[in-house]
Amino acid sequence: MVSLGFFLAMDYAERRYGGGPIIGHPGVQMQELIFTPESWPLMYVSMALMTVVFTWRQRFVAAGVAVVIDGVLVLVRLVFDARTTLGTGPLWVMLACAVMAVTHRSGKERVLLLKGVGLGMLLLVARKTGNIWLLITATSRPTVLDEYLTTADHALGNPSWLAGRLIEATGPVGSNILHWVYTQLTVAAVVIAFYQLRHVARERSYPRHHLVRTFLAIGLLGPAIYMIFPVVGPVYAFGAQGGPWAVANLWPDVLPSIPAPRHLTFNDLTPRNCMPSLHTAWATAIFIHSRRAPRLLRYAGTFWLVATLGATLGFGYHYGVDIIAGVVFTLTIEGALRAQAYGWRWSSVQLFAYGTTVFAGLLVSYRCLATEMARYPGVFGPLLLLAMGSVIYGYVRTTTKLGEPQAAPATNLAPGPQPEMAA
């Protein structure tokens with residue numbers, strides 16, 4: 001019932017603000033069974049996440065079937081001179097597995113397979129639903145608070161301007177690498193999640209906590225902050241991409257002055273998705289969940305976090321102050337989800353309350369103390385870093401006591417053969 005209500009709300013929102021169904025609509029999603037999907041890598045990683053309940057043989061069969069379907073549809077699209085991207089095959093495979101779970105499985109095995117399908121589809125729907133939220137922020141918030149953030153960002157030395165010039169100096173190679181990292185964040189998340197869920201096929205149960213839970217919680221809660229604190233980012237408010245709506249074409253070559261900040265009227269197309277930085281939040285979650293993985297994945301998690309920070313600042317999508325807010329936002333959510341998985345303790349309650357207070361305090365200070373933060377960077381810069389560092393310290397101290405999530409006992413599920421996947 002909750003899911004049904006959510007989709008009905010999304011349906012109303014997209015028709016209210018977009019004039020009709022858009023890419024996140026379930027009906028539009030079903031069109032991708034025939035027409036070309038929006039993002040074929042997302043389709044394949046969603047299917048990969050579903051296959052955590054399969055044996056390796058079944059995973060190869062699923063991947064092979066998806067590739068064959070995509071190959072056939074590409075040939076058909078070539079005949080009709082249509083766009084020839086991939087991604088339809090994985091969607092067919094996931095739906096086939098859902099049908100197979102209902103018609104050919106029973107009891108705990110049916111539940112396990114449906115959970116696998118649901119996990120993959122949930123990632124897919126979450127990405128599509130994000131497009132609806134972005135549309136809502138752009139059309140329902142005619143003014144933005146970028147002048148407040150760029151003024152407050154003087155306390156940190158305006159890192160977006162510095163990072164933008166550094167990326168320009170690296171040329172197209174550095175820019176292309178960072179752009180790929182920035183756009184393929186979901187792929188990195190699924191790699192870490194797949195490692196965390198590697199024992200599901202053998203133990204026939206899921207861990208109590210894993211990266212997908214944090215990823216989805218961040219995506220669910222983050223847009224609410226967009227609505228409270230609408231910001232478009234320096235490349236739009238102070239750069240060429242803002243066009244006639246920009247204050248001036250300053251980013252990244254000319255540092256902005258310290259004016260009395262005011263609300264800016266902006267177009268109804270650019271998403272107000274800057275505060276907090278959810279790309280930073282997701283990359284932080286990937287980093288956290290890669291700490292107990294093998295060395296290669298730990299290095300990859302660190303690289304993804306550093307590269308994402310460089311991209312969010314260097315492409316002018318975010319300010320330094322909303323990077324700090326994104327880190328605090330993630331650690332508070334991650335701490336709460338881990339506590340929910342293990343049971344709440346007093347230290348967990350303290351971490352959640354403290355993280356929430358710090359995050360709210362950051363938003364209030366950016367809105368009410370921006371001018372003072374710009375005038376006294378030697379005071380407020382260290383205070384901002386200290387606030388973030390204190391939440392990091394509290395998170396590490398608290399979650400070290402909680403330990404790492406473990407899979408539920410395998411005895412919860414009746415023994416039986418591994419579910420076979422029909423080719």
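- Taking the side chain as every heavy atom from C-beta outward, Met50 and Leu119 never approach each other to under 4.5 Å.
- Using modelled atom types, no side-chain atom of Trp304 and backbone atom of Ala188 make a donor-acceptor pair closer than 3.5 Å.
- Contact of the Met94 side chain with the Ser46 side chain is registered, since non-hydrogen atoms from C-beta on lie closer than 4.5 Å.
- A 6.0 Å sphere centred on CZ of Phe194 holds more than 12 heavy atoms belonging to other residues, nucleotides or ligands.
- A side-chain donor from one of Ser390 and Tyr354 sits under 3.5 Å from a side-chain acceptor of the other.
- Using bins of under 30°, 30° to 60° and over 60° for the plane-to-plane angle, the ring pair Phe315/His179 lands in the perpendicular bin.
- Using bins of under 30°, 30° to 60° and over 60° for the plane-to-plane angle, the ring pair Phe380/Tyr376 lands in the tilted bin.
- Checked against a 6.0 Å centroid threshold, the rings of Tyr366 and Tyr148 do not count as neighbours.
- In terms of modelled atom types and a separation under 3.5 Å, the side chain of Arg59 and the main chain of Thr51 share a donor-acceptor contact.
- With Thr150 contributing its side chain and Asp146 its backbone, the two residues share no donor-acceptor pair below 3.5 Å.
- Using modelled atom types, one side-chain atom of His154 and one backbone atom of Pro256 make a donor-acceptor pair closer than 3.5 Å.
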**Request:** Please lay out, stage by stage, how Thr88 and Met43 fare under the test side chain to side chain contact (heavy atoms under 4.5 Å, CB included).
**Result:** CA-CA 8 Å; Thr88 305; Met43 293 291 190; over 6 Å; no
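- When side chains are defined from C-beta on, Glu334 counts as touching His209, because their heavy atoms get closer than 4.5 Å.
- For the atom pair OG of Ser277 and CG of Leu309, the computed distance is 7.5 Å after rounding to the nearest 0.5 Å.
- Using a distance-only test at 3.5 Å, with no hydrogens or angles considered, a donor-acceptor pair links the side chain of Thr332 to the main chain of Val328.
- When only modelled atom types and interatomic distance are considered, Arg213 and His210 share no side-chain donor-acceptor pair under 3.5 Å.
- Although no hydrogens or angles enter the test, the distance criterion places no donor-acceptor pair under 3.5 Å between the side chain of Glu203 and the main chain of Val200.
- Between Leu255 and Leu250, the closest side-chain pair of non-hydrogen atoms is not below 4.5 Å.
- Trp92 places no side-chain N or O within 3.5 Å of a backbone atom of Ala66 that could act as its donor or acceptor partner.
- Judged as a side chain to side chain donor-acceptor pair (under 3.5 Å), and not counting sequence neighbours, Asp153 has no contacts.
- With Ile286 as the fixed residue, the side chain to side chain contact (heavy atoms under 4.5 Å, CB included) test singles out one of Leu211, Leu297, Val191: Leu211.
- Listed by chain and residue number, Phe287, Arg298, Thr302 satisfy the side chain to side chain contact (heavy atoms under 4.5 Å, CB included) test with Arg291 (two or more places apart in sequence, or in another chain).
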**Asked** Leu362 and Val321: side chain to side chain contact (heavy atoms under 4.5 Å, CB included), yes or no, with the steps?
**Response** CA-CA 8 Å; Leu362 290 174; Val321 288; over 6 Å; no
**Prompt:** Would Thr265 and Trp245 count as a side chain to side chain contact (heavy atoms under 4.5 Å, CB included) if you check the C-alpha gap in whole Å, the side-chain angles of each, and the deciding distance to 0.1 Å?
**Reply:** CA-CA 8 Å; Thr265 302; Trp245 300 93; 4.1 Å; yes
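- Between Asp322 and Tyr317, the side chains place no donor N or O within less than 3.5 Å of an acceptor N or O (distance only, hydrogens not considered).
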**Message:** side chain to side chain contact (heavy atoms under 4.5 Å, CB included), that's the test. Do Arg272 and Val231 meet it? Break it down for me.
**Reply:** CA-CA 5 Å; Arg272 279 63 162 157; Val231 182; over 6 Å; no
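- Contacts classified as salt bridge (Lys or Arg N to Asp or Glu O under 4.0 Å) and involving residues 362-382 (residues at least two apart or in different chains) are not found.
- Asn249 has its side chain out of reach of Phe238: every pair of non-hydrogen atoms, C-beta onward, lies at least 4.5 Å apart.
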